[in-house]
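Written below as structure tokens is the structure these notes are about.
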There are 2 protein chains.
Amino acid sequence: MKLKDDRKVELIFEAALKLVAKKGLSGITMGDISREAGIATGTLYVYFTGKDELINALFAASRANSVQVAFRGYELTTPFKLGFRTVWMNILRYKLQHFEEVVFLEQCYHSPYITEETREKARELAVPFFDLIERGQQEMLIKTADTGLLLTFMMGAINELVKQTHYSNETLSKKKIDLTFDLCWDALKA
Amino acid sequence: MKLKDDRKVELIFEAALKLVAKKGLSGITMGDISREAGIATGTLYVYFTGKDELINALFAASRANSVQVAFRGYELTTPFKLGFRTVWMNILRYKLQHFEEVVFLEQCYHSPYITEETREKARELAVPFFDLIERGQQEMLIKTADTGLLLTFMMGAINELVKQTHYSNETLSKKKIDLTFDLCWDALKA
DNA sequence: AAGATAAGCGAATAAATATTCATTTCTGTA
DNA sequence: TACAGAAATGAATATTTATTCGCTTATCTT
């Protein structure tokens, strides 16, 4: 008997992301996805029960990816600002390289596809980020304001930088990256 | 003979915005819009040639609205920081009150509905904002970095605050508003 | 007040899209 | 190597959604 092919799920996800970045969530069909992935439409239903499940799965995977990468190289023993910078740069790098996920996640937020359950799981993934900001506050390096607010502000800044970069399609210089980090740090620092 | 009813366009727009904020751009149908607006589906086609035109028109109107309000009370003669603050607060107030437009515009950016022509018109509307930032730079009050970058950063911060506020559905206190303005100012100031 | 003209209607139609299914192609197991 | 069972296919079907159209209703003009 033939087994399911994990690589195929990857193909499907890649195809869907590519199409959403180009046409938006409202512009993709199961037919488009299968064509882009180079497989038959029916095959999509071997891996997912339907469009809803496919999109929820992709949403969960995208969220998980970006979080997983964020804390690479971060240790509680490193000085805060340096660690914060590491995480910040990780996130930025990831989002620049995976712009399609940025767009996809944004579009999903107000879509009927994502279930409350999927949303809840996404929220849980944010816990380490809250911890990070709170550490900074305890060390008196970060403003003592609503943690969620500071966090959204920081993520918003990164997202905007990524989008700006993409739309103006210039490659982001080291200098510009450092500058934006400074913008962000100046905003959050106590 | 009967004349077209401007109020009806408003009704259609309101209905579409409401639905997009709830279900996303991918979740709305012409039927939904007409039902929500309390008119017949066919009537939509008296006012718009089809779904594409309806959405483009709403996009243009939403963009124009938020810009139009931004410079209310701003004069070139007022000191920069005060003027900047006025504009910043205008934008924030508007977006809080018109959250649905924020969501709608965001969703439209990567949709197949919005034509290049509509996008171009939207870009032109941003000119006064560039002028504002450039004024600040000339007065040495704002960092001398890519104007577009600073602008996106500022808008991003406001957008994020608006979204954060909405999702956590608490009313935004004066204190929190001032804090976020400070975050933003600290980020941009020279 | 009568006629003309366009708005307004919503069921009918056309078009697009998701999903199913009969069939074929693999590939792991014996 | 042969068989079993699941993956893969894509045309056919079901469903959803955009758009049209014959008709009714409203209101402007004279």
Side-chain angles (χ1 to χ4, degrees), chain A residues 1-59 61 104 107-108 110-115 118, chain B residues 1-59 61 104 107-108 110-115 118:
Chain A
M1 85 169 184
K2 199 170 175 181
L3 293 177
K4 280 190 191 175
D5 176 2
D6 280 352
R7 172 69 195 151
K8 202 143 282 171
V9 172
E10 277 311 306
L11 244 62
I12 294 168
F13 280 176
E14 277 166 29
L17 284 175
K18 187 168 173 183
L19 291 169
V20 171
K22 192 157 38 169
K23 300 180 152 209
L25 198 54
S26 46
I28 57 165
T29 68
M30 295 299 264
D32 287 341
I33 295 171
S34 65
R35 196 169 323 111
E36 179 73 32
I39 61 179
T41 311
T43 308
L44 292 178
Y45 292 85
V46 171
Y47 292 87
F48 304 98
T49 59
K51 192 174 180 182
D52 285 29
E53 198 192 69
L54 192 163
I55 289 180
N56 272 274
L58 179 51
F59 180 85
F104 176 73
Q107 296 256 325
C108 280
H110 283 273
S111 85
Y113 295 112
I114 307 303
T115 64
T118 305
Chain B
M1 81 169 188
K2 201 172 174 180
L3 292 177
K4 281 189 188 172
D5 177 1
D6 279 352
R7 173 68 196 152
K8 203 144 282 172
V9 172
E10 276 312 307
L11 276 168
I12 294 169
F13 280 175
E14 277 167 26
L17 285 174
K18 187 169 173 183
L19 291 170
V20 171
K22 191 159 36 172
K23 301 181 153 206
L25 198 52
S26 46
I28 58 164
T29 67
M30 295 299 264
D32 287 340
I33 295 171
S34 66
R35 197 170 323 111
E36 178 74 33
I39 62 180
T41 309
T43 306
L44 291 178
Y45 291 84
V46 171
Y47 292 88
F48 304 99
T49 59
K51 193 176 180 180
D52 286 27
E53 198 192 70
L54 192 162
I55 289 180
N56 272 274
L58 179 51
F59 179 84
F104 176 73
Q107 297 255 325
C108 280
H110 285 274
S111 86
Y113 294 114
I114 307 303
T115 64
T118 305

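Chain naming here is simple, since letters A, B, ... match the order of the sequence lines and numbering starts at 1 in each.
Contacts of A:T43 with the nucleic acid, taken as non-hydrogen atoms under 4.0 Å apart, include base atoms.
A salt bridge (Lys or Arg N to Asp or Glu O under 4.0 Å) check over residues 43-52 of chain A, counting only residues at least two apart or in different chains, returns nothing. Among residues at least two apart or in separate chains, there is no side chain to side chain donor-acceptor pair (under 3.5 Å) pair with a member in residues 5-15 of chain A. Sorted by first then second residue, the side chain to side chain donor-acceptor pair (under 3.5 Å) pairs that include residues 36-47 of chain A, not counting sequence neighbours, are A:K18-A:E36, A:S34-A:T41. Applying the ring pair (Phe, Tyr, Trp, His ring centres under 6.0 Å) test to every pair with at least one member in residues 17-42 of chain B, sequence neighbours left out, gives no pairs at all. Counting only residues at least two apart or on different chains, the ring pair (Phe, Tyr, Trp, His ring centres under 6.0 Å) pairs with a member in residues 5-24 of chain B are B:F13-B:F48.
Every side chain to side chain donor-acceptor pair (under 3.5 Å) that A:T29 has, sequence neighbours left out, goes to A:D32. Residues that satisfy the side chain to side chain contact (heavy atoms under 4.5 Å, CB included) test with B:K22, not counting sequence neighbours, are absent from this structure.
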Using a cutoff of under 3.5 Å, can you pull out all pairs of nitrogen or oxygen atoms linking the protein to nucleotides 2-6 of chain C, with atom names and distances?
none

What are the atom names and distances for every N/O pair under 3.5 Å that joins the protein to nucleotides 11-15 of chain D?
none

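Contacts with DNA chain D (heavy atom under 4.0 Å) in residues 7-26 of chain B: none are found. A heavy atom closer than 4.0 Å to some atom of DNA chain D occurs in B:G50, B:K51, these being the qualifying members of residues 47-59 of chain B. Looking at residues 32-40 of chain A, you'll see A:I39, A:A40 sit with a heavy atom under 4.0 Å from some atom of DNA chain D.
Summarising the geometry, the separation between CE on B:M30 and C1' on C:dA14 is reported as 15 Å, rounded to the nearest angstrom.
Mapping B:I28 and A:L44 onto DNA chain D by nearest heavy atom places A:L44 at the nucleotide closer to the 5' end.
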